[in-house]
Amino acid sequence: DNQQGMANKLPIIIFDYGGVLGSDNGYRYVKSIVSEEDKKDTQAALDAAWSKIKVDPSFTEHEFWTRVIDAGHLQSRETPSSLGDNLRSEFRIYYATLAIALRLKQAGHTLCILSNHSKDWFEYVFERYHLADIFTNNDLVLASYQTGCAKPHRSFYQCLMDRIIKEVPGVSPADCIFIDNKEENIVAANEYGFRGVHWAHNHQSPRQLVDKLAALGVDASEK
């Protein structure tokens, strides 16, 4: 009986945030103002600071931008606060993806978020775009700063799976569909046992996401 119950259980749908539900950090403003000769060092500083802030909540946004300002020699024109404000102005939510998530929620699917993100920025987008209205179970919303590990590391997928099992006893990774915009994260998710869907808002249409979900037996179409 229990096995039959599992067979009838709707798949759990896990969304990445950046590139799927909302924009990735593009740092467009800061990249546009650094001199040509400082571009390489600035990008290196952005990459290194992002690697740290996404897994270490004690590393502050002020420290993040201070490193970038130093690398780009921007002391005369920018502050950590001004660069933080500019980044927030660049954030976008993808309403078409949210509409798909809402239809899945209304159909009875359990929804999760698994995102490589920093504390300040993730909390900002989650609140600003009212994501708790759709992703109602906060225990199933997991960002890398909360765990100290990030995609594509297996331990990050395991952290979410542990939480899912507490909420929906008896499920396995094969009962979970994971949507992400980065190929390496999908490869790792598939190796872990999730069913991966590689989809990026900026390169594919919402219809293509609906079709990819349909191929896995999930109906996210507009009724």
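Only a predicted model underlies this, so the values are computations on that prediction, with no experimental measurement involved.
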ask   = Yes or no on salt bridge (charged side-chain N to carboxylate O under 4.0 Å, His left out) for D16 and K151, after CA distance, side-chain angles and deciding distance?
value = CA-CA 10 Å; D16 174 29; K151 296 174 290 187; 2.8 Å; yes
ask   = Can you check salt bridge (charged side-chain N to carboxylate O under 4.0 Å, His left out) on R163 and E167, steps first, answer last?
value = CA-CA 7 Å; R163 292 180 176 213; E167 300 297 317; over 6 Å; no
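- Closest approach of P206 to A96, counting heavy atoms only: CG-CB, 3.5 Å.
- R207 and D211 are joined by a salt bridge, as a carboxylate oxygen and a charged side-chain nitrogen come within less than 4.0 angstrom of each other.
- Y129 and L114 fall into different hydrophobic clusters, where Ile, Leu, Val, Met, Phe, Trp and Tyr are joined by side-chain heavy atoms under 4.5 Å apart, directly or via other members.
- Here the straight-line distance linking atom CG of L131 with atom CD of E123 works out to 12.5 Å at 0.5 Å rounding.
- For the residue pair D24 and N202, no side-chain donor N or O sits within less than 3.5 Å of a side-chain acceptor on the partner.
- Ring planes of F178 and F194: tilted class, angle from 30 to 60°.
- With hydrogens and angles left out, the side-chain atoms of S82 and D85 include no donor and acceptor closer than 3.5 Å.
- Nearest heavy-atom pair, L104 versus A220, reported as atom, atom and distance to 0.1 Å: CD2-CB, 3.8 Å.
- Taking 4.5 Å as the limit, every side-chain heavy atom of T42 sits out of range of all side-chain heavy atoms of Y27.
- A continuous path of hydrophobic side-chain contacts links V125 to Y145 [ILVMFWY only; heavy atoms under 4.5 Å].
- Aromatic pair W121/F64: ring centres closer than 6.0 Å.
- Residues P173 and Y192 share a closest heavy-atom pair of CG-CE2, 3.7 Å.
- Of all heavy-atom pairs between S144 and C149, the closest is CB-O, 3.2 Å.
- Hydrophobic clustering keeps I12 apart from I113 (ILVMFWY residues linked when any side-chain heavy atoms are closer than 4.5 Å, directly or through intermediates).
- R88 places a side-chain N or O within 3.5 Å of a backbone atom of G84 that can act as its donor or acceptor partner.
- Remark: side-chain polar atoms of H201 are not paired, donor with acceptor, to backbone N or O of L21 under 3.5 angstrom.
- Side chain of D175 to main chain of S172: a donor-acceptor pair is present (N/O by atom type, distance under 3.5 Å, no hydrogens or angles).
- Put simply, the side chain of Q43 never gets that close to the backbone of K39: no donor and acceptor are under 3.5 Å apart.
- The aromatic ring centroids of F135 and F15 lie less than 6.0 Å from each other.
- Counting only distance, with no hydrogens or angles, the side chain of R195 and the backbone of A174 share a donor-acceptor pair below 3.5 Å.
- One hydrophobic cluster holds both L111 and W199 under the rule that ILVMFWY side chains link at heavy-atom gaps under 4.5 Å.
- No donor-acceptor pair under 3.5 Å is formed between the side chain of H198 and the backbone N or O of D180.
- The main-chain N or O of D139 is found under 3.5 Å from a side-chain atom of N137 such that the two form a donor-acceptor pair.
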message = Show, in sequence, the C-alpha distance, side-chain angles and deciding distance for K52 and E63, and conclude whether the side-chain contact (heavy atoms from CB on, under 4.5 Å) test is met.
response = CA-CA 10 Å; K52 189 161 177 62; E63 290 174 280; over 6 Å; no
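- Between L87 and V30 the shortest side-chain heavy-atom distance does not fall below 4.5 Å.
- Classified by interplanar angle (parallel below 30°, tilted 30° to 60°, perpendicular above 60°), the ring pair F91/H117 is perpendicular.
- At a threshold of 4.5 Å between side-chain heavy atoms, the hydrophobic network of Ile, Leu, Val, Met, Phe, Trp and Tyr places V20 and V197 in one connected group.
- In this structure, V34 and L74 have side chains that are in contact, with non-hydrogen atoms separated by less than 4.5 Å.
- At least one side-chain heavy atom of W65 sits under 4.5 Å from a side-chain heavy atom of L46.
- Closest approach of A200 to N181, counting heavy atoms only: CB-CB, 3.7 Å.
- Interatomic distance, SG of C176 versus CD1 of I164, reported as 4.0 Å (0.5 Å rounding).
- A heavy-atom distance below 4.5 Å is not found between the side chains of N116 and F122.
- For E222, the CD atom counts as loosely surrounded, since its 6.0 Å shell holds 12 or fewer non-hydrogen atoms of other residues, nucleotides or ligands.
- A donor-acceptor contact under 3.5 angstrom links the side chains of E78 and Y29, judged on distance only.
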task = Evaluate the criterion side chain to side chain donor-acceptor pair (under 3.5 Å) for residue pair E90 and N86; output intermediate values, then yes/no.
result = CA-CA 7 Å; E90 294 173 12; N86 271 296; over 6 Å; no
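- With S23 contributing its side chain and R92 its backbone, the two residues share a donor-acceptor pair below 3.5 Å.
- Applying the 6.0 Å contact sphere to NZ of K40 captures no more than 12 heavy atoms from other residues, nucleotides or ligands.
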